[in-house]
Undergrad: 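Quick one: the structure is below, and I'll ask about it shortly.
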Amino acid sequence: MNVGYSRANHKHLHTSSHLRLIDRLANRLFALHAKGPHASDRRLLDIACGRGGPALRARQRKGLEVVGVDLTPYNIVCATKSNAKPKLRPRARFVVGSALALPLKDASFSLAWSIESPAHFSDKLAFLREAARVLKPGGALAFADLLAVDAAVTASVESRLVYRDFLETWDVPYLETYDGYSRAIAHAGFRLHRVEIATKYNLDILRSYCCFFLSLLQFGPLYRWYRRYVKQLTGAELDNVYEHVRKSYRALRGGMIDYGLFWAIRS
Ligand SMILES: C[S@@+](CC[C@H](N)C(=O)[O-])C[C@H]1O[C@@H](n2cnc3c(N)ncnc32)[C@H](O)[C@@H]1O
């Protein structure tokens, strides 16, 4: 599932919201790279690349050679298939591997990103250390991730349970906080360049969708109409997502989850 990025009047939870997020992260990353010591280096590493969409977009938009690494072999098969012209230059290559032990040489890239994936990693500092290892000094890293809001999560026993349900339904081991990431970025050997808390451009929209969905459930005929509409639009089966929506809504309504975009330079 991708969370995306949308301003007013944009369609959300649609391919376009994921593309907007990728481009927002990418534009600042590439601007940073252009001002850095490796501006002529045209290779991008996508850490936890999924099925290859973001990396192939970077190749198409910026003419970059891309390498994607992902833990899930099926995603690498899909990414390799999406690369319709494998001989086309610049090359796109997808390999199975963990973000916590990248199958890549030290200082072999000057550009890297990880999009809506770090939440899934069991150790965020290990991910940042690996990113630092494979980047050259002066190289640039960007990532987009869910963040835990510590004060809201730890406010009561009940809020801890709501947070635990959120982690379970999103299938993530834990979420880093903003402060935790700021420390880990420095410990791993990066200088934090910029952060954007983008919650109002994605999670707040998601929260209102969840609220709408849960309200509709009270009105049978309306819900059935909406279910048909979503099925036509996205192919998704709404009946299957009730628990996910309910648990997500509770944590989002409680202000427990934020969303951050980070840009950092390898020291
Ligand atoms: C929400 S998807 C995002 C994929 C892609 N970045 C995108 O934006 O389309 C999360 C991805 O993280 C991958 N993943 C989870 N844990 C990982 C790990 N330890 N190392 C590498 N990939 C991992 C999953 O296989 C999945 O493809």
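Counting begins at 1 with the first residue of the sequence.
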Undergrad: Tell me whether Ser6 contacts the main-chain N or O of Tyr201 through its side chain, where contact means a donor paired with an acceptor under 3.5 Å.
TA: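 Pair absent, no side-chain N/O of Ser6 close to backbone of Tyr201.
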Undergrad: Would His18 and Ile115 count as a side chain to side chain contact (heavy atoms under 4.5 Å, CB included) here? Give the steps.
TA: CA-CA 10 Å; His18 189 213; Ile115 300 175; 4.2 Å; yes
Undergrad: Is there a side-chain contact between Val230 and Leu233 (heavy atoms, below 4.5 Å)?
TA: no
Undergrad: Is there a side-chain contact between His193 and Arg28 in this structure, where contact means two heavy atoms from C-beta onward sitting under 4.5 Å apart?
TA: no
Undergrad: Let me confirm one number: the CG-CG distance from Asp150 to Asp179, rounded to the nearest 0.5 Å.
TA: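 Between Asp150 CG and Asp179 CG, I get 8.5 Å after rounding to 0.5 Å.
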Undergrad: Run the numbers on Val77 and Lys81 for side chain to side chain contact (heavy atoms under 4.5 Å, CB included), then give the verdict.
TA: CA-CA 6 Å; Val77 169; Lys81 275 192 194 149; 4.2 Å; yes
Undergrad: Does the Ser98 side chain pair with the main chain of Leu100, one donor and one acceptor, at a distance under 3.5 Å?
TA: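 Yes.
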Undergrad: Of Arg59, Arg91, Arg93, which is the lone residue that meets side chain to side chain contact (heavy atoms under 4.5 Å, CB included) with Asn83?
TA: Arg59
Undergrad: Between Ser117 and Ser114, is there a donor-acceptor pair closer than 3.5 Å when you use the side chain of the first and the backbone of the second?
TA: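 Pair absent, no side-chain N/O of Ser117 close to backbone of Ser114.
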Undergrad: Val172 and Val153: same hydrophobic cluster, using ILVMFWY side-chain contacts below 4.5 Å?
TA: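 Yes; tracing contacts between hydrophobic side chains, which count when under 4.5 Å, links both residues.
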Undergrad: How about CZ on Arg89, more than 12 heavy atoms from neighbouring residues, nucleotides or ligands closer than 6.0 Å, or not?
TA: no
Undergrad: Do any N or O atoms from the side chain of Ser267 and from the backbone of Gly189 form a donor-acceptor pair under 3.5 angstrom?
TA: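 Side chain of Ser267 to backbone of Gly189, a donor-acceptor pair under 3.5 Å: yes, one is there.
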Undergrad: Please tabulate, for the side chains in residues 128-136, all donor-acceptor contacts under 3.5 angstrom to protein atoms that are two or more places apart in sequence or on a different chain.
TA:
| unit_1 | atom_1 | unit_2 | atom_2 | d |
| --- | --- | --- | --- | --- |
| Glu130 | OE1 | Arg133 | NE | 2.8 |
| Glu130 | OE2 | Leu102 | N | 2.6 |
| Glu130 | OE2 | Arg133 | NE | 3.4 |
| Glu130 | OE2 | Arg133 | NH2 | 2.9 |
| Arg133 | NH1 | Leu104 | O | 2.9 |
| Arg133 | NH1 | Asp106 | OD1 | 2.7 |
| Arg133 | NH2 | Leu102 | O | 3.0 |
| Arg133 | NH2 | Leu104 | O | 3.2 |
| Lys136 | NZ | Asp41 | OD2 | 2.8 |

Undergrad: Taking distance alone, no hydrogens or angles, what donor-acceptor pairs closer than 3.5 Å link side-chain atoms of residues 210-228 to residues at least two apart or in another chain?
TA:
| unit_1 | atom_1 | unit_2 | atom_2 | d |
| --- | --- | --- | --- | --- |
| Ser215 | OG | Cys211 | O | 2.7 |
| Tyr223 | OH | Asp239 | OD1 | 2.7 |
| Arg227 | NH1 | Asp239 | OD1 | 3.3 |
| Arg227 | NH1 | Asp239 | OD2 | 2.8 |

Undergrad: Can you confirm whether Pro90 sits close enough to Arg43 that some side-chain heavy atom of one is under 4.5 Å from a side-chain heavy atom of the other?
TA: no
Undergrad: Before you tell me yes or no, could you show the steps for Ser82 and Leu56 under side chain to side chain contact (heavy atoms under 4.5 Å, CB included), namely the whole-Å CA-CA distance, both residues' side-chain angles and the distance that decides it to 0.1 Å?
TA: CA-CA 8 Å; Ser82 310; Leu56 292 171; 3.6 Å; yes
Undergrad: Measuring from Tyr249:OH to Leu206:CG, what's the distance to the nearest 0.5 Å?
TA: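 Going from OH on Tyr249 over to CG on Leu206, the span is 11.5 Å.
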Undergrad: State whether the side chain of Asn202 and the backbone N or O of Gly4 hold a donor-acceptor pair below 3.5 Å, judged by distance alone.
TA: yes
Undergrad: Do Tyr5 and Glu196 have side chains that approach each other closer than 4.5 Å (heavy atoms only, starting at C-beta)?
TA: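 Of all side-chain heavy-atom pairs linking Glu196 with Tyr5, at least one is under 4.5 Å.
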Undergrad: Any donor and acceptor pair, going by atom type alone, linking the side chain of Lys62 with main-chain N or O of Asn27 inside 3.5 Å?
TA: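 Between the backbone of Asn27 and the side chain of Lys62 there is no qualifying donor-acceptor contact (under 3.5 Å).
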Undergrad: Considering non-hydrogen atoms only, spot the tightest contact between Pro37 and Pro137 and give its length.
TA: CG-O, 4.3 Å
Undergrad: Could you walk me through whether Arg246 and Arg250 pass the side chain to side chain contact (heavy atoms under 4.5 Å, CB included) check?
TA: CA-CA 6 Å; Arg246 190 180 68 82; Arg250 290 180 76 202; 4.2 Å; yes
Undergrad: Name the one of Val195, Leu141, Leu25 that satisfies side chain to side chain contact (heavy atoms under 4.5 Å, CB included) with Phe262?
TA: Val195
Undergrad: Does this structure show an ion pair linking Arg207 with Asp204, if we count only N-O contacts that are shorter than 4.0 Å?
TA: yes
Undergrad: Restricting to non-hydrogen atoms, name the atom on Ala152 and the atom on Gly255 that form the minimum distance, rounded to 0.1 Å.
TA: CB-O, 3.5 Å
Undergrad: On a heavy-atom basis, which atom in Ser248 and which in Phe166 lie closest, and how many Å separate them?
TA: CA-CD1, 3.9 Å
Undergrad: According to a 4.5 Å side-chain heavy-atom criterion applied to Ile, Leu, Val, Met, Phe, Trp and Tyr, with indirect links allowed, do Phe109 and Phe94 form part of one hydrophobic cluster?
TA: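 No, no single cluster joins them.
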Undergrad: Taking atom CZ of Arg61 as the centre, report whether more than 12 heavy atoms of other residues, nucleotides or ligands fall under 6.0 Å from it.
TA: yes
Undergrad: Take atom CD of Glu237 as the centre, draw a 6.0 Å sphere, and report whether it contains more than 12 heavy atoms from other residues, nucleotides or ligands.
TA: yes
Undergrad: Using side-chain heavy atoms (C-beta onward) and a distance below 4.5 Å, is Ser16 in contact with His10?
TA: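 No, side chains not in contact.
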Undergrad: Is it the case that one hydrophobic cluster holds both Leu261 and Phe127, taking links as side-chain heavy atoms less than 4.5 Å apart, direct or via other members?
TA: no
Undergrad: If you look at every heavy atom in Ala144 and Pro118, which pair is closest and at what distance?
TA: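 Nearest pair, atom of Ala144 first, then Pro118: O-CD, 3.8 Å.
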Undergrad: Consider only side-chain heavy atoms of I, L, V, M, F, W and Y, link residues closer than 4.5 Å, and tell whether Val66 and Trp113 are in one cluster.
TA: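 Linked within one cluster.
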Undergrad: Please tabulate, one pair per line, all N/O donor-acceptor pairs under 3.5 Å involving side-chain atoms of residues 180-188, not counting sequence neighbours.
TA:
| unit_1 | atom_1 | unit_2 | atom_2 | d |
| --- | --- | --- | --- | --- |
| Tyr181 | OH | Asp145 | OD2 | 2.7 |
| Ser182 | OG | Tyr178 | O | 2.9 |

Undergrad: Do Ile47 and Val69 belong to the same hydrophobic cluster, where Ile, Leu, Val, Met, Phe, Trp and Tyr are linked whenever their side-chain heavy atoms lie under 4.5 Å apart, directly or via other members?
TA: yes
Undergrad: Assess whether ring pair (Phe, Tyr, Trp, His ring centres under 6.0 Å) is satisfied between His120 and Trp170, documenting all intermediate values.
TA: CA-CA 9 Å; His120 295 277; Trp170 283 62; 8.8 Å; no
Undergrad: Report the C-alpha separation of Glu65 and Arg42 in whole Å, then their side-chain angles, then the decisive distance to 0.1 Å, and conclude whether the salt bridge (Lys or Arg N to Asp or Glu O under 4.0 Å) test is met.
TA: CA-CA 6 Å; Glu65 181 181 331; Arg42 308 294 298 156; over 6 Å; no
Undergrad: Quick one: closest heavy-atom pair of Ala58 and Leu44, and the distance?
TA: CB-CD2, 3.6 Å
Undergrad: Are any of the side-chain heavy atoms of Glu116 and Leu21 separated by less than 4.5 Å?
TA: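 A side-chain contact under 4.5 Å exists here.
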Undergrad: Would you check if Ile76 and Thr80 make a side-chain contact, meaning some heavy-atom pair closer than 4.5 Å?
TA: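 Of all side-chain heavy-atom pairs linking Thr80 with Ile76, at least one is under 4.5 Å.
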Undergrad: About how many Å separate CG of Leu64 and CG of Asp46, when rounded to the nearest 0.5 Å?
TA: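 Rounded to the nearest 0.5 Å, the CG-CG separation comes to 11.5 Å.
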Undergrad: Applying the side chain to side chain contact (heavy atoms under 4.5 Å, CB included) test to Leu252, which of Thr199, Ile257, Val162 qualifies?
TA: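 Between Leu252 and the candidates, side chain to side chain contact (heavy atoms under 4.5 Å, CB included) is satisfied uniquely by Ile257.
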Undergrad: Provide the closest heavy-atom pair for Ile197 versus Gly260 in the form atom of the first, atom of the second, distance.
TA: CD1-CA, 4.3 Å
Undergrad: What's the separation between atom CD in Glu176 and atom OH in Tyr174, rounded to the nearest 0.5 Å?
TA: 5.0 Å
